[in-house]
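Only a predicted model underlies this, so the values are computations on that prediction, with no experimental measurement involved. The first residue of the sequence shown is numbered 1, and numbering continues consecutively from there.
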Amino acid sequence: SIAKIASVVSSAGYALVDRHQPDELSAMLSGDIRRLSLRLAVAVMAGMWSMALAVVLYVSDIDATVAWWIALASGVLALPVLLWAGAGIFWMAFRSVRLRTPTMDLLIALGAGGAFALSLVSPASGSSHVYFDTATMLITLLLLGRLVDLITRRSAIDALKALEEASVETAVRRTASGNKVVPCSEVEIGDRVVIDAGAAISVDGIIQEGRSRINRAVLTGERHPLPLGAGQRVEAGAINLERRLIVSVDRAHGDRDLDRMGGAIMLELARRGTLASRADRLAGVLSWGIPGLALLTAVTLPLAGVAGADAILRGLTVLAAACPCALSIAAPLAQ
């Protein structure tokens with residue numbers, strides 16, 4: 001039932017919504033982009049200052065008391081990143097554990113949370129060795145990837161809107177009794193359609209009579225018009241610039257190149273929610289493997305004579321260094 005589906009979707013951290021038109025979807029994504037951009041801005045600004053203080057500790061030989069205060073300040077600056085900018089990442093990481101489907105959120109949450117926790121223990125014991133900058137960097141990288149992903153989705157929907165706007169809904173069909181304006185859905189393969197100069201082409205077909213220059217920018221991005229004549233093909237969405245053409249239709253309405261492009265965009269958008277990408281599947285495997293390897297490192301090194309604190313630090317290093325942050329940015333870019 002719809003209620004059961006809604007419940008399962010809700011348990012995954014999402015919500016069912018009514019079907020939207022492209023304009024509504026674009027507006028919704030624009031709102032999401034604004035909100036995520038604000039979180040990313042906070043993460044970058046706070047993380048940058050937290051990292052700057054950490055660099056001072058890395059490269060300077062300063063008094064232990066001063067170093068402790070600098071380490072504490074680095075932690076305070078990291079708080080907005082962990083508690084606000086990255087709050088959604090930690091929440092979705094928790095959800096993924098409940099659903100037994102670990103994701104990139106879990107990897108980032110474990111790496112950032114582990115670095116932050118270890119950095120809290122260090123000043124409490126009087127040490128200035130902190131890794132707040134690592135925690136902020138991991139969260140910032142994932143937020144950047146998510147922002148790229150949202151912008152990509154909105155661009156796809158805007159492209160779909162442009163295709164719909166370029167599609168003319170009527171055609172001038174030539175018949176024995178004269179020319180007649182009909183809906184494109186009534187035009188059949190083999191019909192002859194008149195395309196006047198300056199008009200948008202509404203059908204896919206072969207030019208039977210006439211020669212003109214055609215602007216195909218909507219379909220191909222080509223800036224310069226192409227000279228086309230009898231025997232050559234034109235597509236719906238292109239603009240006839242110079243002279244009248246008579247075109248024999250070779251594709252039905254709904255199967256035109258323009259329709260196929262729009263269908264491909266919608267199919268890709270739909271697949272984002274139903275098919276796991278290779279990066280997602282890899283992240284799922286790594287989400288179990290990397291924490292397991294980090295735990296194994298922290299547990300076994302003391303048996304080899306390594307101090308407990310150093311073993312934990314090395315385990316955390318495995319967790320943070322092996323985290324595939326590049327995937328979180330590369331995947332939406334490739335999409």
Group every Ile, Leu, Val, Met, Phe, Trp and Tyr by side-chain heavy-atom contacts under 4.5 Å, then state whether [X] and [Y] land in the same group.
{"X": "Leu258", "Y": "Val193", "result": "no"}
{"X": "Val130", "Y": "Leu79", "result": "yes"}
{"X": "Ile207", "Y": "Ile195", "result": "yes"}
{"X": "Ile246", "Y": "Leu228", "result": "no"}
{"X": "Val203", "Y": "Ile239", "result": "no"}

Closest non-hydrogen atom pair, [X] against [Y]:
{"X": "Ala115", "Y": "Ser119", "result": "O-OG, 2.7 Å"}
{"X": "Leu245", "Y": "Gly210", "result": "CD2-C, 3.5 Å"}
{"X": "Glu188", "Y": "Val249", "result": "O-CB, 3.7 Å"}
{"X": "Pro80", "Y": "Val76", "result": "CD-O, 3.4 Å"}

> So among Val181, Asp191, Asn179, Val194, which one has a side-chain contact (heavy atoms from CB on, under 4.5 Å) with Arg173?
Replying inline: Asp191
> Quick one: which of Leu107, Leu106, Ile139 gives a side-chain contact (heavy atoms from CB on, under 4.5 Å) with Ile89?
Replying inline: Ile139
> Yes or no on side-chain contact (heavy atoms from CB on, under 4.5 Å) for Ile189 and Arg251, after CA distance, side-chain angles and deciding distance?
Replying inline: CA-CA 6 Å; Ile189 295 176; Arg251 280 190 184 167; 5.7 Å; no
> Which is it for Arg260 and Asp204 under the salt bridge (charged side-chain N to carboxylate O under 4.0 Å, His left out) test, yes or no, and what are the steps along the way?
Replying inline: CA-CA 12 Å; Arg260 294 184 180 193; Asp204 283 12; over 6 Å; no
>> Applying side-chain contact (heavy atoms from CB on, under 4.5 Å) to Phe116 and Val81, what does each step give before you reach the verdict?
In response: CA-CA 11 Å; Phe116 191 81; Val81 183; over 6 Å; no
> Taking NZ, NE, NH1 and NH2 as the nitrogens, is one of them in Asp32 or Arg153 under 4.0 Å from a carboxylate oxygen of the other?
Replying inline: no
Taking the side chain as every heavy atom from C-beta outward, state whether [X] and [Y] have any pair of such atoms under 4.5 Å apart.
{"X": "Leu77", "Y": "Leu53", "answer": "yes"}
{"X": "Phe132", "Y": "Leu82", "answer": "no"}
{"X": "Val247", "Y": "Gln208", "answer": "no"}

Just how far is it from atom [atom1] of [X] to atom [atom2] of [Y], taken to the nearest 0.5 Å?
{"X": "Ile151", "Y": "Ser37", "atom1": "CD1", "atom2": "OG", "answer": "6.5 Å"}
{"X": "Leu29", "Y": "Glu24", "atom1": "CG", "atom2": "CD", "answer": "12.0 Å"}
{"X": "Arg146", "Y": "Asp149", "atom1": "CZ", "atom2": "CG", "answer": "8.0 Å"}
{"X": "Met28", "Y": "Ile157", "atom1": "CE", "atom2": "CD1", "answer": "9.0 Å"}
{"X": "Met45", "Y": "Leu40", "atom1": "CE", "atom2": "CG", "answer": "11.5 Å"}
{"X": "Glu209", "Y": "Arg211", "atom1": "CD", "atom2": "CZ", "answer": "15.0 Å"}

Does the [X] side chain pair with the main chain of [Y], one donor and one acceptor, at a distance under 3.5 Å?
{"X": "Glu186", "Y": "Pro183", "result": "no"}
{"X": "Asp259", "Y": "Arg256", "result": "yes"}
{"X": "Asp133", "Y": "Met51", "result": "no"}
{"X": "Ser248", "Y": "Gly205", "result": "no"}

Output a table of donor-acceptor pairs, distance under 3.5 Å, between side-chain atoms of residues 212-220 and any protein atom two or more places apart or on a different chain; print 'none' if there are none.
residue, atom, partner, partner atom, Å
Ser212, OG, Asn240, OD1, 2.5
Ser212, OG, Glu242, N, 3.0
Ser212, OG, Arg243, N, 3.1
Asn215, OD1, Ala217, N, 2.9
Arg216, NE, Glu235, OE1, 3.1
Arg216, NH1, Glu222, OE1, 2.8
Arg216, NH2, Glu235, OE1, 3.3
Arg216, NH2, Glu235, OE2, 3.1
Thr220, OG1, Arg216, O, 3.1
Thr220, OG1, Glu222, N, 3.2
Thr220, OG1, Glu222, OE1, 2.6

>> Going by ring pair (Phe, Tyr, Trp, His ring centres under 6.0 Å), name the pairs with one or both residues in residues 22-74, residues two or more places apart or in two chains.
In response: none
> Which is it for Asp105 and Arg95 under the salt bridge (charged side-chain N to carboxylate O under 4.0 Å, His left out) test, yes or no, and what are the steps along the way?
Replying inline: CA-CA 10 Å; Asp105 296 274; Arg95 291 274 189 166; over 6 Å; no
Can you list, pair by pair, the side-chain donor-acceptor contacts under 3.5 Å of residues 291-298, counting residues two or more places apart and other chains?
residue, atom, partner, partner atom, Å
Thr297, OG1, Leu293, O, 2.8

> Does Arg314 have any side-chain hydrogen bond (donor to acceptor under 3.5 Å, both in side chains) partners at least two apart in sequence or in another chain, and if so, which?
Replying inline: none
>> Tell me every residue that passes side-chain hydrogen bond (donor to acceptor under 3.5 Å, both in side chains) with Ser50, counting only those two or more places apart in sequence or in another chain.
In response: Ser74
> Between Ser202 and Glu169, is a side-chain contact (heavy atoms from CB on, under 4.5 Å) present by the stated rule, with each step listed?
Replying inline: CA-CA 7 Å; Ser202 57; Glu169 296 304 318; over 6 Å; no
Under 3.5 Å, side-chain donor or acceptor atoms of residues 4-13 against the rest of the protein: list the pairs with distances, not counting sequence neighbours.
residue, atom, partner, partner atom, Å
Ser11, OG, Val8, O, 2.6

>> Quick check on Met48: does its CE atom have over 12 non-hydrogen neighbours (other residues, nucleotides or ligands) under 6.0 Å away?
In response: yes
> Does the pair Met137 and Tyr131 meet the rule for a side-chain contact (heavy atoms from CB on, under 4.5 Å), with working shown?
Replying inline: CA-CA 10 Å; Met137 178 198 67; Tyr131 313 97; over 6 Å; no
